[in-house]
Amino acid sequence: MLISSRTLAEYRAMFELTDADLAGAILDCAAGGSSFVAELGDRAEAVATDPAYERPVEELARVLRSDRSQCVKMTVDHGNEFVWDWYGTPERRDQLRQEAAERFLADRAARPERYRPASLPELPFADDAFDLVLCSHLLFTWAGPLDRAWHAAAITELIRVSRGEVRLYPLVHRGAGDPVPFLGELAEEVRAAGHRWTERAVDFRFQRRAGVMAVITK
Ligand SMILES: C[S@@+](CC[C@H](N)C(=O)[O-])C[C@H]1O[C@@H](n2cnc3c(N)ncnc32)[C@H](O)[C@@H]1O
């Protein structure tokens with residue numbers, strides 16, 4: 001699986017984050033090389049988690065700095081399914097990726113305690129540990145290799161460690177952005193467990209069919 005590196009600006013747009021949202025204890029789950037935690041610095045008690053943090057630092061740095069032609073190829077192969085008005089150009093997107101990766105690598109070296117290796121559906125955090133739990137580009141993006149049962153268990157775990165909200169983006173497959181057939185059933189299961197599941201349109205635009213995030217309120 002691709003380990004990508006998005007910036008705080010992308011997270012703000014994907015998850016419609018306000019300054020108030022960014023004030024508490026926040027978990028960036030499946031954070032990869034994202035600079036979300038790094039850019040927040042001491043403004044929030046933010047923690048990143050990802051199985052890739054088990055890897056030696058040099059190896060992860062090599063992966064994050066490596067050629068991204070596969071990513072570019074995906075946007076070319078599915079040209080009609082991507083829009084560029086948020087990023088502007090492919091070059092600008094790549095520049096953000098590189099900036100995020102470098103910020104992530106520097107912050108991880110400076111504040112290693114903020115970066116915890118872990119793999120859904122089991123996280124090493126207490127119940128209700130975070131005000132806000134974010135998960136970008138893992139759930140639904142990789143539906144296929146990760147099946148319905150995995151998604152159900154992962155969502156249960158994200159809710160367990162949250163005392164406020166869980167936000168998930170996007171809600172479609174990677175590439176062409178095909179819908180995920182079991183999305184509605186999972187939303188019903190979350191509601192049946194006593195939580196609120198709402199879907200909100202977001203301003204972030206890249207995959208044409210990915211204009212919505214899920215907000216689970218515990
Ligand atoms: C496409 S990247 C997204 C990274 C970051 N959230 C972003 O938006 O740039 C997907 C990430 O999910 C991580 N991942 C894969 N399996 C996982 C699991 N079972 N639990 C948590 N993260 C996982 C990968 O290591 C990878 O960093």
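Values in this document were obtained by computation on a predicted structure and should not be read as measured data. Worth knowing before you read on, the calculation uses all heavy atoms, side chains too, and leaves out hydrogens, waters and symmetry mates. Just follow the structure's listing: the first ligand is 1, and inside any ligand the first atom is 1.
- Ring orientation note: the planes of His151 and Phe140 are tilted relative to one another, at an angle of 30° to 60°.
- Using a 4.0 Å cut-off between heavy atoms, Tyr169 makes no contact with ligand 1 at all.
- The protein atom (non-hydrogen) at minimum distance from atom 15 (C) of ligand 1 is Met1 SD, 3.5 Å.
- Regarding atom 22 (N) of ligand 1, its nearest protein heavy-atom neighbour is Pro51 CD, 3.2 Å.
- Protein heavy atom in closest approach to atom 20 (N) of ligand 1: Leu120 N, 2.7 Å.
- Note: an N/O pair closer than 3.5 Å links Asp50 and ligand 1 by distance alone.
- In terms of polar-atom proximity, Tyr11 is counted as a contact of ligand 1, with an N or O under 3.5 Å from an N or O of the ligand.
- Taking both residues in full, the closest heavy atoms of Ser136 and Met14 are given as OG-CE, 3.6 Å, listed atom of the first, atom of the second, then distance.
- Looking at atom 1 (C) of ligand 1, its nearest protein heavy atom turns out to be Ser4 OG, 3.2 Å.
- Arg191 has no carboxylate O lying under 4.0 Å from a charged side-chain N of Glu189, or vice versa, which leaves the two without a salt bridge.
- The backbone N or O of His173 lies less than 3.5 Å from a partner atom in the side chain of Gln207, making a donor-acceptor pair.
- Here Ala31 has backbone heavy atoms under 4.0 Å from ligand 1, and that is the only part of it that gets that close.
- Side-chain rings of Tyr115 and Phe36 stay apart, their centers remaining 6.0 Å or farther from each other.
- Ligand 1 places these atoms under 4.0 Å from at least one heavy atom of Ser5: 9 (O).
- Closest non-hydrogen pair, Ser35 versus Arg103, comes out as CB-CB, 3.7 Å.
- Cluster annotation: Val212 and Leu183 are assigned to the same hydrophobic cluster (Ile/Leu/Val/Met/Phe/Trp/Tyr, side-chain heavy-atom contacts under 4.5 Å, transitive).
- Both cation-pi conditions hold for Arg93 and Tyr87: the charged atom is under 6.0 angstrom from the six-membered ring centre and inside a 45 degree cone around its axis.
- Backbone and side-chain nitrogen or oxygen atoms of Ala30 are examined, and one is located within less than 3.5 angstrom of a nitrogen or oxygen of ligand 1.
- Atom numbering of ligand 1 starts at 1 in the shown order; those under 4.0 Å from a heavy atom of Leu2 are 1 (C), 2 (S), 10 (C), 26 (C).
- Scanning all protein heavy atoms for the shortest distance to atom 7 (C) of ligand 1 gives Arg6 NH1, 3.3 Å.
- Against a heavy-atom cut-off of under 4.0 Å, Gly32 is close to the following atoms of ligand 1: 27 (O).
- Atom 10 (C) of ligand 1 has as its closest protein heavy atom His137 O, 3.5 Å.
- Among protein heavy atoms, atom 8 (O) of ligand 1 sits closest to Ser136 OG, 2.5 Å.
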